[in-house]
Amino acid sequence: MGAGELLTGLNEAQQATVRHHGTPLLILAGAGSGKTRVITYKIAYLLQELGYHPREILAVTFTNKAAREMKERAVGLCPEASEVMIRTFHSFGAWLLRRFAEDAGLSRSFTIYDDDDMVSLLRGIYPEEQRSALRRVARRISRAKDLCLDPEDDLSPIGFDPRFGAMYGAYTRRLNEIGNVDFGDLILRPISLLGARGGSGGPLSVGGLIRSRFRAVLVDEYQDSNRAQYQLLKTLVGPDTYICVVGDDDQSIYRFRGAEVGNILSFPDSFPGAEIHRLEQNYRSTAPILAVADAVVARNTGRLGKTLFTTRTDGPLPRLVLLPDHEAEAEFCRTLLAREPSAAAETAILYRTNAQSRVFETTFARAGIAYRIVGSLRFYDREEIKDAIAYLKLFANPADEVAFRRIINKPSRGLGAVSVDRIFSALEDGAAEHGYDLIAATEAAASGLSRKASAAARGFVQAYRELGAGLAGGLLNEFVAQVFERFGLVAYHVEQDEDTGLGKRENLEEFLSAASMYPATPEGLVELLENLELDSGREQEASSDARNAVTLITMHNTKGLEFDRVIITGLEDGLFPRSDDDQEELEEERRLFYVAVTRARNEVYFTSCRSRMVNGRTLELYPSRFLQEIPEDLVDIDEQQVQRKRTRFGDARQGSGRMAYRTAGHDAHQGSRHAAEAEAEAEARFPAFSAVYHDEYGSGMVAKVWWSGSHEMVLVRFETGRELQFVAEYSGLERISSDSF
DNA sequence: GTCAGAAGGTTTTTT
DNA sequence: ACCTTCTGAC
């Protein structure tokens, strides 16, 4: 494929960007402007036209999904791209640390601690502290690492807790003794590794070696990089490295994780001579959708600023639906999906918090609507999987205190808190002799334990040693199966599952089959663990018919995805935006709104509830301030609603201007319960005891009618015996003559 | 050492 | 509503 051929199908701006070479390049790519396309073409262009060897190119993303997709698409353009290193920042860091383990002061078989593991480790050091307090400390340690701060540095940017420095220090020492790393270390340790002189890079330092290998470095979603990642990038880029970053300051949504929009804003200062290219043509959404997204994000200050345009000028206005509560919201979505089942696969329901997914799950499960949840409970987060991983981690690293504490008495084998304490004393005593080895410590402590505990400890050590000898070839699933069997893990969880409910056995089986992709060697084991730790394969098919399933997803998780139709739920102050008293935070929520809206190709719905159950309490809520920030002519308010309001409250839009549905929302949301109650009853279209018919559920009788806000709610008892609750307007119910009943 | 039940706090978003 | 932690009986 010649250059001309490679670049056909790209617009002029995209072509210029793909061709650019030499100076540092910042690509400001608006939503839907073909960002991934440009990067993948750029990789192909470097390989085909500029003669780069695949090993000389490094492309960094923020999610594994993005990395996989980029790889796939690049290989589609140019097969050589399969050898290009395309990884997340964290996985690149892990690769580097294993590759140069000795220089980094690590064993090649270190494993990676996630946020929960950090808390558990702290718990081992500070058993008397509250778990919630330790969680806060863990979060702060992560923030410190995002900012490249060591325990002895000035930690005031993190907050004012006088004990924090000491706790961070103790945590760091313990983690070093164990020989594992946390997520932050995957960025921090490479910075010092690459910055250091000498080492096993031969005549070159490790940094020199890496800088001479990667002649081109590409970074995706640069607006989400934090200070540590920026530093890592700096150490990767030498005078001859071609550096190109892509991002959109309006889509920076990971501030809470340390992301600094400042990185993208100041790129030209950090990398002198940088050029800026803009990609502003949106190929995804219709103009009405972009108008709404822009209206809100335009209120942010400190933007680089850009104007998206599209040739898709036609399309329905985004639609706002006001609802009484979260159940009605789920019911509204159900009805929408039932009306056109084939569109479900291209529909996504977006929410701000994972907890919001629950109503949708139960509603859809009841209605037999297939759904797919992205995120929420990750495979790796399940109890039984964490247990399985903990056993395996202990084989990778016998010093892994967190893994050890988790499984030493699970299933319970009579080694309780007292015995575990003794084992840890033995660990301290024997550290000089055996190093940090919990198996050796358990063996050493066994004689000093009660009779039952002593036998259990010896049995555990023996099982560990015999099983460990099995890491000598074959496939890893055989080894894992033996571990499960010998330690009684499957039996334990199957028994637990009897009252808890679902699929632990299946999950463990799935785990086994994942393990079959690796060799039964120490290296294979470490590789499996790393893949689980860094890429938890976070997608679960929650109901059988996955092909036509609707997607349930947090707004954060949608980044990089697109759908024909997007329903953005929970547009209520306090939920989205979560709070508006911190300006920075409010601006981040606006960017999240922008991300959410721009996922849609053709249709956008907003739903806003008057009340919602949060943490077991029902809260009264106001419509999101974002709804006020949209000029009224850019959104359709549910027509039936407006009708209703006009008749009941006069013209809801009077004297409102921009505030139209703020007013409307308040009327609809608040006005009706007292004065309007009687009137509302009078205009009920499904009086109690009337006969009704529903396409899916057949005929039935209205058992109960009530008003929730301005909404008529009905409880219908169907002939099948089923009782279901509906918002009358969205129910799809028809009244039928009562003699059929 | 284990278990069941009660009390009490609490989550925004994720590599 | 959920999960963790605490308490007391076996």
dT14(B) P sits how many Å from Arg578(A) CZ, rounded? 14 Å
Phe62(A) near the nucleic acid: base, sugar-phosphate alone, or nothing, with a heavy-atom cut-off under 4.0 Å? sugar-phosphate
Can you measure Asp116(A) atom CG to dT4(C) atom C1' for me and round it to whole angstrom units? 13 Å
If you measure from the ring centre of Phe256(A) to the centre of the six-membered ring in the base of dT14(B), is it under 5.5 Å, with the planes under 30° apart? no
Would you say whether Phe183(A) stacks on dT15(B)? The test is a distance between ring centres of less than 5.5 Å and an angle between planes of less than 30°. yes
Answer with base, sugar-phosphate or nothing: what part of the nucleic acid does Arg617(A) contact at a heavy-atom distance below 4.0 Å? nothing
Can you classify the ring geometry of Phe593(A) versus Phe606(A) as parallel (below 30°), tilted (30 to 60°) or perpendicular (above 60°)? parallel
Have a look at Arg123(A) and say if it touches a base, only the backbone sugar-phosphate, or nothing, with a 4.0 Å heavy-atom cut-off. sugar-phosphate
Touch check for Tyr254(A), heavy atoms < 4.0 angstrom, all strands: base, sugar-phosphate only, or nothing? sugar-phosphate
Find out whether the Lys NZ or Arg CZ of Arg413(A) is both under 6.0 angstrom from the six-membered ring centre of Phe460(A) and within 45° of the ring's axis. no
Do Ser225(A) and Glu260(A) pair up side chain to side chain, a donor and an acceptor below 3.5 Å, judged on atom types alone? no
Whole angstrom value for the distance that separates P of dT15(B) from CD of Glu533(A): 14 Å
Donor-acceptor pair between Thr111(A) and Asn180(A) side chains, under 3.5 angstrom: yes
Tell me which residues in residues 408-421 of chain A put a heavy atom below 4.0 Å from DNA chain B, sorted by number, or none. Asn409(A), Ser412(A), Gly414(A), Gly416(A), Val418(A), Ser419(A)
Short side-chain N/O contact from Asn615(A) to OP1 or OP2 of dG9(B), under 4.0 Å: no
Minimum heavy-atom distance Ala104(A)-Leu97(A), with the two atoms named: CB-CD2, 3.8 Å
Does Arg140(A) make a cation-pi contact with Tyr168(A) (under 6.0 Å, within 45 degrees of the axis)? no
Can we say Asp146(A) and Arg255(A) salt-bridge, meaning some charged N sits less than 4.0 Å from an Asp/Glu carboxylate O? no
Find the distance Leu561(A):CG to dT14(B):P and express it as a whole number of Å. 13 Å
Is Glu585(A) touching bases, backbone alone, or none of the nucleic acid, heavy atoms closer than 4.0 Å? base
Inter-nucleotide C1' distance (dT13(B), dT4(C)), Å rounded: 23 Å
Out of dT14(B), dT13(B), dT4(C), which nucleotide sits closest to the side chain of Asp115(A)? dT14(B)
What is the distance, rounded to the nearest whole Å, between atom CD of Glu221(A) and atom P of dT15(B)? 12 Å
Has Asn354(A) got a side-chain N or O lying under 4.0 Å from the OP1 or OP2 atom of dT14(B)? yes
Can you tell me how far P of dC6(C) sits from CD of Glu128(A), to the nearest Å? 12 Å
Whole angstrom is fine here: how far is it from CG in Asp146(A) over to C1' in dT15(B)? 10 Å
Hey, which sits more toward the 5' end of DNA chain B by its nearest nucleotide, Glu588(A) or Ser132(A)? Ser132(A)
Interatomic distance where CZ belongs to Arg135(A) and P belongs to dC3(C) [whole Å]: 12 Å
Both conditions, 6.0 Å and 45 degrees, for the charged tip of Arg405(A) above the ring of Phe424(A): are they met here? yes
